[in-house]
Amino acid sequence: MSKKLSNIDNDISAWYTDVVTKAGLADYGPVKGTMVIKPYGFQLWDNVKDVFDKMIKDTGHTNAYFPLLIPKSFLAKEAEHVDGFAKECAVVTHTRLKSENDEIIVDPDSRLEEEVIIRPTSETVIWSMYKKWIQSHRDLPILINQWANVVRWEMRTRLFLRTTEFLWQEGHTAHKTKEEAEKETLDILELYKKLAEEYLAIPVYTGLKTDAEKFAGADKTYCIEAMMLDKKALQAGTSHNLGQNFAKAFDVKFQTEDNNEEYVWATSWGISTRLIGAVILAHGDKNGLRIPPKIAPIQIVLIPIFRDEKQRKIVEDYIDPITKELKQNEIRTFIDWSDSSPGYKFNEWELKGVPARIEIGPRDVESNTVIIARRDNGEKLSSPRHDLTQSVKDILDQIQNNLYNEAKDFRDNNTHSVNTYGEFKDIIKNGGFVRCGWDGKQETELKIKEDTKATIRCIPFNENPNNLTCIFSGNKAMHEVIFAKSY
RNA sequence: CGGAGCGUGGCGUAGUCCGGUAGCGCACUGCAAUGGGGUUGCAGGGGUCGCAGGUUCAAAUCCUGUCGCUCCGACCA
């Protein structure tokens with residue numbers, strides 16, 4: 001397989017597919033729209049998962065698991081919810097196959113009386129269970145999360161960014177009061193922001209979705225929105241205040257302290273393997289991936305360099321304690337003894353986005369140093385053997401910060417406040433985020449979308465609509481919003 | 001579902017117009033040298049050309065059908 005990547009500047013779409021497959025993150029599955037997450041890609045996901053799993057456990061949530069299969073009738077209980085998901089549900093109609101004339105066919109005698117769907121999300125099963133579990137205010141809150149796969153039969157798919165089946169976490173909480181549910185929704189959004197910015201090194205805008213863009217079945221959807229290298233927006237996480245919609249649909253009431261009956265207040269929130277796509281498209285460059293150190297499966301790759309057996313032995317004696325030392329200090333380290341040439345290895349590990357590389361050859365053994373090469377900016381420096389661990393830690397921190405700062409500068413430089421629709425269209429055409437006034441009408445939002453393909457990514461928390469007029473209608477603005485073309 | 005394109009060793013492709021029994025690059029195996037930015041040389045192994053029919057002495061190539069995938073749109077995390 002050729003390791004040459006498509007040009008990131010001319011054809012980022014081809015570059016993306018090349019990187020994902022050639023760096024060994026994922027491969028296409030046999031069924032359209034499915035993907036195999038390969039070990040290197042899965043380690044990346046695992047690291048993201050571990051970070052977030054700890055965050056939610058630290059805030060009182062626990063994991064559980066609900067079934068993949070859901071009665072078809074459940075989906076229909078919440079009107080908006082069914083509208084939102086009906087078009088993309090995989091439906092199980094039969095329970096067995098049989099052979100007939102050397103062919104495997106669906107056994108027509110095995111038709112299910114009540115068809116089941118494969119979860120596109122789990123609100124319905126979960127609320128059917130919460131009905132059984134909640135009677136009193138003493139049963140609240142329930143703070144459950146599950147790590148699971150879901151299936152949404154999408155028209156167009158792309159590895160990680162939109163696949164028919166994907167992995168995610170979905171939190172589902174139940175509360176006594178509206179205020180408590182709202183707080184939960186916002187608290188989780190903060191965790192998402194922290195995860196994106198501090199770990200994935202991706203700056204995000206936080207805000208509220210418009211009615212047109214919110215989750216089907218939610219009262220309010222909050223989101224984190226990131227900018228990719230092609231200046232398009234990617235929704236990287238969502239947190240929903242579901243109000244009492246699902247409680248009403250599934251008749252989940254609780255007895256209050258003063259002995260009244262009230263519907264339970266709900267939230268749900270999710271991040272998915274799409275985040276891997278976000279990391280790729282936020283940090284990549286012409287040589288491949290650049291993975292932030294905090295989530296990198298391999299943080300340091302060691303490349304031994306030698307000519308003959310004698311040199312190999314010398315290098316080995318020098319490098320082994322170094323590897324051991326780094327590992328003992330919990331730096332994820334890999335030493336590449338494969339017999340490709342050093343140059344080949346440099347390119348290979350750069351493609352895979354390993355944050356830093358240590359080159360060790362006879363010259364370094366001689367001078368009691370090592371060469372450290374950074375993936376983020378290509379710098380190479382010679383570092384003394386003693387306090388190597390500290391140098392490595394410092395460099396990894398610098399890389400983490402640098403990736404974040406680069407991404408933030410890029411986003412800030414491509415986010416513009418505008419006052420005229422002409423400017424608006426120019427920016428959308430050339431790529432970028434636009435901050436501007438909006439009159440709050442869905443009709444306006446829709447017209448702009450038809451005209452420019454841009455959608456309102458969010459109403460940012462730090463909006464200031466006071467002196468603004470709507471970019472499209474010229475009426476007084478109800479909100480300041482961020483428009484962009486999105487994935 | 002509309003538009004476009006593609007199915008030929010593991011991957012990427014040439015050959016298809018004009019039928020004559022499959023070629024190249026990468027990867028793979030072995031040996032030797034090489035090794036601080038994709039290293040050479042030599043020697044090897046692997047494909048009945050998506051599938052099913054048809055035309056023909058002869059089909060990767062022509063005809064009919066069929067399946068699948070990718071890209072672009074409408075839908076979406």
Side-chain angles (χ1 to χ4, degrees), chain A residues 1-6 11 13-14 16-18 21-22 27-35 83-89 120-121 149-170 192 209 212-216 218 221 223-226 233-240 268-278 287-288 303-309 311-312 315 336-351 357-367 369-373 378 380 382 449-450 453 455 457 486-487:
Chain A
M1 176 164 57
S2 163
K3 293 288 187 181
K4 287 274 182 294
L5 299 172
S6 299
D11 193 350
S13 179
Y16 178 83
T17 309
D18 283 352
T21 53
K22 290 176 181 173
D27 205 344
Y28 291 101
V31 172
K32 183 178 164 67
T34 62
M35 74 167 166
D83 277 356
F85 288 105
K87 296 182 295 289
E88 49 189 27
C89 277
T121 178
N149 57 342
V150 289
V151 168
R152 297 181 187 174
W153 218 269
E154 300 287 352
M155 302 284 164
R156 267 196 73 201
T157 56
R158 299 189 68 190
L159 294 169
F160 289 113
L161 295 172
R162 178 166 296 107
T163 45
T164 299
E165 178 189 7
F166 58 92
L167 305 184
W168 74 346
Q169 61 68 219
E170 46 178 328
Y192 285 163
K209 284 289 185 190
E213 298 282 331
K214 74 171 193 202
F215 176 73
T221 291
C223 63
I224 54 172
E225 290 283 329
L234 184 81
Q235 179 174 307
T238 48
S239 184
H240 316 291
S268 71
W269 26 274
I271 48 168
S272 71
T273 35
R274 167 178 269 195
L275 286 179
I276 306 302
N287 295 326
I303 311 289
I305 295 158
F306 51 88
R307 282 173 208 285
D308 47 37
E309 278 309 307
Q311 278 192 350
R312 182 189 159 115
V315 168
D336 187 354
W337 279 112
S338 70
D339 54 14
S340 308
S341 70
Y344 182 89
K345 291 177 188 175
F346 296 168
N347 285 286
E348 183 68 12
W349 291 108
E350 280 168 12
L351 168 64
R357 168 181 78 234
I358 295 181
E359 304 169 17
I360 295 178
R363 296 208 291 264
D364 307 288
V365 178
E366 186 72 25
S367 60
T369 58
V370 303
I371 298 287
I372 304 179
K380 269 192 189 192
S382 179
K449 185 180 178 183
E450 276 169 18
K453 306 255 190 258
T455 50
R457 303 319 305 155
S486 77
Y487 272 90

Counting only N and O atoms by type, is there a donor-acceptor contact under 3.5 Å from the side chain of A/N347 to the main-chain atoms of A/Y344? no
Who pairs with A/W153 by ring-ring contact (aromatic ring centres under 6.0 Å, His included), at least two apart in sequence or on another chain? none
Value in whole Å for how far the C1' atom of B/rA77 lies from CZ of A/R152: 6 Å
How does RNA chain B look in dot-bracket form if you count Watson-Crick and G-U pairs under 3.5 Å, write [ ] for pairs that cross, and put | where a base pairs with another strand? ((((((((.[[[[.)....(..]]]].((((((.....)))))).....[[[[[..)....]]]]])))))))....
A/Y16 (side chain) donor-acceptor with A/L159 (main chain) under 3.5 angstrom: yes
Excluding sequence neighbours, so at least two apart, what forms side-chain contact (heavy atoms from CB on, under 4.5 Å) with A/R312? A/F306, A/E309, A/E316, A/W337
Using the P atom in both, what is the distance from B/rG5 to B/rC63, to the nearest Å? 15 Å
To the side chain of A/Q235, which of B/rA77, B/rC75, B/rG36 is closest? B/rA77
Would you indicate what A/F306 reaches in the nucleic acid, counting non-hydrogen atoms under 4.0 angstrom: base, sugar-phosphate, or nothing? base
Go through B/rG37, B/rG36, B/rA77 for me and flag the one nearest to the A/N347 side chain. B/rG37
Without decimals, in angstroms, what is the distance between A/Y487 OH and B/rC75 P? 18 Å
Can you list the residues that meet the side-chain contact (heavy atoms from CB on, under 4.5 Å) rule with A/Y487, with sequence neighbours excluded? A/R158, A/L161, A/M228, A/D230, A/K232, A/L234, A/L281
Any donor-acceptor N/O pair under 3.5 Å between B/rG36 base and A/R363 side chain: yes
Do A/E165 and A/V31 have side chains that approach each other closer than 4.5 Å (heavy atoms only, starting at C-beta)? no
For nucleotides B/rU70 and B/rG12, find the distance between their C1' atoms and express it as a whole number of Å. 15 Å
With the side chain defined as heavy atoms from C-beta on, A/R357 is closest, among B/rG36, B/rC71, B/rG37, to B/rG37
Distances under 3.5 Å only, N/O to N/O: pair up the protein atoms with those of nucleotides 39-45 of chain B.
{"residue": "B/rU39", "atom": "OP1", "partner": "A/S341", "partner atom": "OG", "Å": "3.2"}
{"residue": "B/rU39", "atom": "OP2", "partner": "A/S341", "partner atom": "OG", "Å": "2.5"}

Can you check the distance between B/rG45 and B/rC28, where both ends of the measurement are the C1' atom (answer in whole Å)? 9 Å
Under the side-chain contact (heavy atoms from CB on, under 4.5 Å) test, residues paired with A/A236 that sit two or more places apart: A/I224, A/L275
Whole-Å C1' distance, B/rU29 and B/rU66: 39 Å
Side chain to side chain donor-acceptor pair (under 3.5 Å) involving A/R357 - partner list, sequence neighbours excluded: A/E350, A/E359
For nucleotides B/rG46 and B/rC11, find the distance between their C1' atoms and express it as a whole number of Å. 14 Å
Length of the line joining A/M35:CE and B/rU70:P, which is rounded to integer Å: 13 Å
Side-chain N or O of A/K453 less than 4.0 angstrom from OP1 or OP2 on B/rA74? yes
Any N or O donor-acceptor pair under 3.5 Å from the base of B/rG35 to the side chain of A/D308? no
Looking for any heavy atom pair under 4.0 Å, which part of the strands does A/T163 touch: base, sugar-phosphate only, or nothing? base
When rounded to the nearest Å, what value does the distance between C1' atoms of B/rU34 and B/rG41 take? 11 Å
With C1' as the reference atom in both, quote the distance from B/rG54 to B/rA14 in angstrom, rounded to an integer. 28 Å
Between B/rC75 atom C1' and A/L161 atom CG, what is the distance in whole Å? 16 Å
d(NZ, A/K87; P, B/rA77) in whole Å: 10 Å
Should the heavy atoms of other residues, nucleotides or ligands under 6.0 Å from CG of A/D308 be counted, would the total exceed 12? yes
Give the rounded distance in Å between these two atoms: NZ of A/K345 and P of B/rG35. 14 Å
What I want to check is whether an N or O donor and acceptor connect the side chain of A/K380 with the base of B/rG37 at under 3.5 Å. yes
Using atom types as modelled and distance alone, determine if a side-chain donor or acceptor of A/R274 lies under 3.5 Å from a backbone N or O of A/F166. no
All N/O pairs under 3.5 Å across the protein-nucleotides 28-31 of chain B interface:
none

Sugar-phosphate only, base, or nothing, as touched by A/I371 at under 4.0 Å among non-hydrogen atoms: base
Any donor-acceptor pair under 3.5 Å joining the side chain of A/R312 to the base of B/rG35? no
With A/F346, the side chain to side chain contact (heavy atoms under 4.5 Å, CB included) member among A/I303, A/N287, A/L351: A/I303
Using atom P in both nucleotides, what's the gap between B/rA43 and B/rG7 to the nearest angstrom? 32 Å
I'd like to check the side chain to side chain donor-acceptor pair (under 3.5 Å) partners of A/S272; sequence neighbours left out, ordered by chain and number. none
Please pick, from B/rG35, B/rA77, B/rG36, the nucleotide with the shortest atom-to-atom distance to any side-chain atom of A/R307. B/rG35
Contacts of type side chain to side chain donor-acceptor pair (under 3.5 Å), residue A/D27, not counting sequence neighbours: none
Side-chain atoms of A/R274 come closest, of B/rA77, B/rG36, B/rG35, to B/rA77
With RNA chain B as reference, determine whether A/S13 or A/P362 sits nearer its 5' end, using the nearest nucleotide of each. A/P362
Residue pair A/K449/A/N287 against RNA chain B: nearer the 5' end by closest nucleotide is A/N287
Please identify each residue that fulfils side chain to side chain donor-acceptor pair (under 3.5 Å) with A/Y192, with sequence neighbours left out. A/Q169
Tell me, please, which residues at least two apart from A/T221 pass side-chain contact (heavy atoms from CB on, under 4.5 Å). A/K209, A/K214, A/F215, A/A218, A/T238, A/H240
Taking CD from A/E154 and P from B/rC1, how many angstroms apart are they, rounded to a whole number? 17 Å
Kindly point out which of B/rG37, B/rG38, B/rG35 is positioned nearest to the side chain of A/E350? B/rG37
Rounded interatomic separation in angstrom, taking CG from A/N149 and P from B/rA77: 18 Å
